[in-house]
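Down below is the structure, laid out as structure tokens.
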Amino acid sequence: MELEGTQTLGTTHNNHFSMVHTLAVYESTLISGGGDGLLKFWDMKKRVCKGTLSAHSSTIWDLYVCKEWGCVISASKDHTLRSWDVESMCSSGLVLRFDAEVCAVEPLKKFLCCGCSDGTVHIVTPQTLQRVYLFRAWPSSRCVNNIVVDNNHLGRVYVTIDEVLSVVDVEERIVEAQINSDEESPSFALTKVLGPKEEPQGDGNALTVSSSSSSFVSLTPLTAASSSFSPTINKLLRRSSNVVGNKSIEIVLRELIQDFVAIPSVSSQPCHSADCFRAAKYLYALMTSCGCDSVHMLETEVGKNPLVLGRMFASSDAPTILVYGHYDVVAVVEEDWNGDPFAMRAQGGYWYGRGVTDDKGPIVATLLAASDLKVAGRLKLNIVFVYEGEAEHRSGGFTTGLQKIWSSPSLAQIWDTPIDYIFISNNFWIDDEVPCVTYAMRGDISLRVSVSGPTHNVHAGVDGGAVIEPSLDLCCILSSLTTGNGRVCVPRFYEGVSALFKEEESEWVFQHQV
């Protein structure tokens with residue numbers, strides 16, 4: 001890829017493996033999409049590739065940068081439109097599927113016009129990738145090559161389909177004219193109504209979409225909480241004590257948890273994939289504001305939520321502690337709640353809301369505690385924060401994310417550091433009144449054992465006793481694993497396990513008696 005005719009952007013190992021079909025610019029970042037389905041982010045100042053995403057399974061035809069939302073939207077031959085966060089270079093979890101290739105994308109007011117290879121044009125909301133309505137710009141299935149919005153008439157769109165130019169008034173839902181470039185005297189088609197007109201509701205600000213029984217959807221304004229973070233986060237950057245602005249740290253803690261809980265980041269339900277990404281972005285912003293020296297959002301697997309990594313550095317000779325947590329939550333059973341589970345409320349001296357204790361509350365509390373120590377100059381530990389977004393959904397992608405860190409020299413230099421202690425931020429109290437510090441946990445090992453036997457059933461009266469059934473072998477294996485009181489009999493199983501000190505045992509007995 002050439003810049004200014006002489007400078008080449010990138011080197012052999014980070015170039016595309018095919019033709020580059022489309023480019024887009026967001027601030028100082030150039031974004032390229034190619035026939036290899038890769039999306040590459042280039043630092044225009046340093047002339048280097050900052051990151052590469054396996055964005056699509058086929059060619060990326062077009063890109064559109066939505067500066068208001070900080071994202072780039074890619075249109076592909078694989079029949080999908082996808083949204084990517086530019087800052088973190090991660091998927092925002094939004095995917096819109098079509099019946100044909102998505103060949104062209106063009107902004108139209110607060111919407112996007114997406115042209116497909118079957119001659120249809122779809123009107124889409126960029127912030128949610130929801131289809132508002134669609135129309136056919138040509139009666140047969142012919143590819144939309146390009147879309148141009150008439151700036152003098154914002155409701156008018158010009159669509160090129162092979163040698164045909166269609167002039168469409170999107171607001172009126174009509175094709176004004178169709179011009180064939182092969183004809184010497186183009187004839188204008190009769191005005192054709194494409195569908196019932198339904199005015200979008202809203203004030204011109206960001207919109208969210210809900211389905212309806214007609215071919216249209218209803219549009220309503222997004223709330224401020226959906227599109228921006230609490231101003232409290234920004235104030236954290238400017239504090240020099242345990243007071244943020246004119247608020248105590250206790251009030252700040254409550255506000256941050258309340259904002260975090262308001263994001264329904266249910267990892268087990270695909271309809272909340274965008275919310276999970278929003279929770280990751282919220283956590284990214286919070287960690288930055290709390291004084292982390294490095295913060296990174298790491299893509300793991302397709303369809304899985306990213307890891308959010310952070311680091312606070314004290315000194316090279318200080319011990320390092322890894323803090324683990326998760327920003328996703330369990331799905332809600334509505335009848336188990338007296339109110340909105342994502343609207344935190346105080347009741348009887350407790351805060352109630354999905355994720356208050358598992359695990360958004362502990363995440364915020366831990367970050368603020370570390371931030372306080374750093375602000376006061378009392379941070380004596382190096383801290384590495386690792387937060388995942390799939391803990392409540394079998395931790396999909398977690399291992400892949402760790403392997404990416406180990407296999408990437410640039411990531412390993414920052415994140416693959418020797419760890420002395422691990423702190424897990426979501427754990428249990430002894431009861432509702434008595435907290436506890438869990439300083440050791442039992443791990444678990446999953447094994448699959450298969451015992452093979454005869455290829456067919458044998459006669460019990462003839463072969464019984466001479467042939468041992470596989471099920472009996474399995475019973476024998478299982479019974480040999482532990483003693484009657486639960487002690488594991490596997491050789492060397494307890495090697496490396498620290499013995500309980502007398503002081504610890506006496507303290508445990510004392511706490512138990514209390």
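Counting from 1, the numbers follow the sequence of the chain as shown.
- If you take CD1 on Ile263 and NE2 on His272, they are separated by 12.5 Å, rounding to the nearest 0.5 Å.
- For Asp85, the salt bridge (Lys or Arg N to Asp or Glu O under 4.0 Å) partners at least two apart in sequence or on another chain are Lys281.
- Lys110 and Glu68 are joined by a salt bridge, as a carboxylate oxygen and a charged side-chain nitrogen come within less than 4.0 angstrom of each other.
- Across every non-hydrogen atom of Val121 and Cys113, the tightest pair is CG1-CB, 4.3 Å.
- For the side chain to side chain contact (heavy atoms under 4.5 Å, CB included) test with Leu322, the passing option among Ile422, Ile383, Ile424 is Ile422; the others fail.
- Remark: the Ser267 side chain and the Glu392 side chain contain no N/O donor-acceptor pair separated by less than 3.5 Å.
- Expressed to the nearest 0.5 Å, how far OG of Ser28 lies from NZ of Lys45 amounts to 5.0 Å.
- Contact of the Pro341 side chain with the Tyr352 side chain is not registered, since no non-hydrogen atoms from C-beta on lie closer than 4.5 Å.
- With a 4.5 Å cut-off on side-chain heavy atoms, Val356 and Phe260 do not count as touching.
- Between Tyr387 and Phe385, the ring-plane angle classifies as parallel under the 30° and 60° cut-offs.
- Checked by atom type and distance alone, the side chain of Ser407 pairs as donor or acceptor with a backbone atom of Gln403 at under 3.5 Å.
- Side-chain contact annotation: Asp78 with Ser58, donor-acceptor N/O pair under 3.5 Å absent.
- Within the 4.5 Å cutoff, the side chain of Phe111 has heavy atoms near those of the Thr125 side chain.
- Checked against salt bridge (Lys or Arg N to Asp or Glu O under 4.0 Å), Lys77 has no partners two or more places apart in sequence or in another chain.
- Once rounded to the nearest 0.5 Å, the distance linking CG of Asn382 with OG1 of Thr417 reads 7.0 Å.
- Judged by a 6.0 Å distance limit and a 45° cone about the ring axis, Arg278 is not positioned over the six-membered ring of Tyr327.
- No side-chain donor from either of Ser32 and Lys40 sits under 3.5 Å from a side-chain acceptor of the other.
- To the nearest 0.5 angstrom, Glu390 atom CD is 11.5 Å from Phe398 atom CZ.
- Ring pair His21/Trp61 is perpendicular by interplanar angle, where above 60° counts as perpendicular and below 30° as parallel.
- In this structure, the side chain of Ser92 engages the main chain of Ser83 through a donor-acceptor pair within 3.5 Å.
- A donor-acceptor contact under 3.5 angstrom links the side chains of Glu388 and Ser395, judged on distance only.
- Residues Trp42 and Thr29 have side chains that never bring a donor and an acceptor to within less than 3.5 angstrom of each other.
- By the neighbour-count criterion of 12 heavy atoms within 6.0 Å, atom NZ of Lys67 is sparsely surrounded, having that number or fewer from other residues, nucleotides or ligands.
- The pair Asp293-Lys374 counts as a salt bridge, with a side-chain nitrogen and a carboxylate oxygen less than 4.0 angstrom apart.
- Closest of all the heavy-atom pairs between His122 and Arg131 is ND1-NE, 2.8 Å.
- Contact record, Cys290 with Met312: O-CE, 3.2 Å, taken as the closest heavy-atom pair.
- Annotation: the span from Thr22 atom OG1 to Tyr64 atom OH amounts to 13.0 Å, rounded to 0.5 Å.
- Nearest heavy-atom pair across Pro306 and Cys90 is CB-SG, 4.1 Å.
- A distance of 12.0 Å separates CG of Asp36 from OG of Ser57, quoted to the nearest 0.5 Å.
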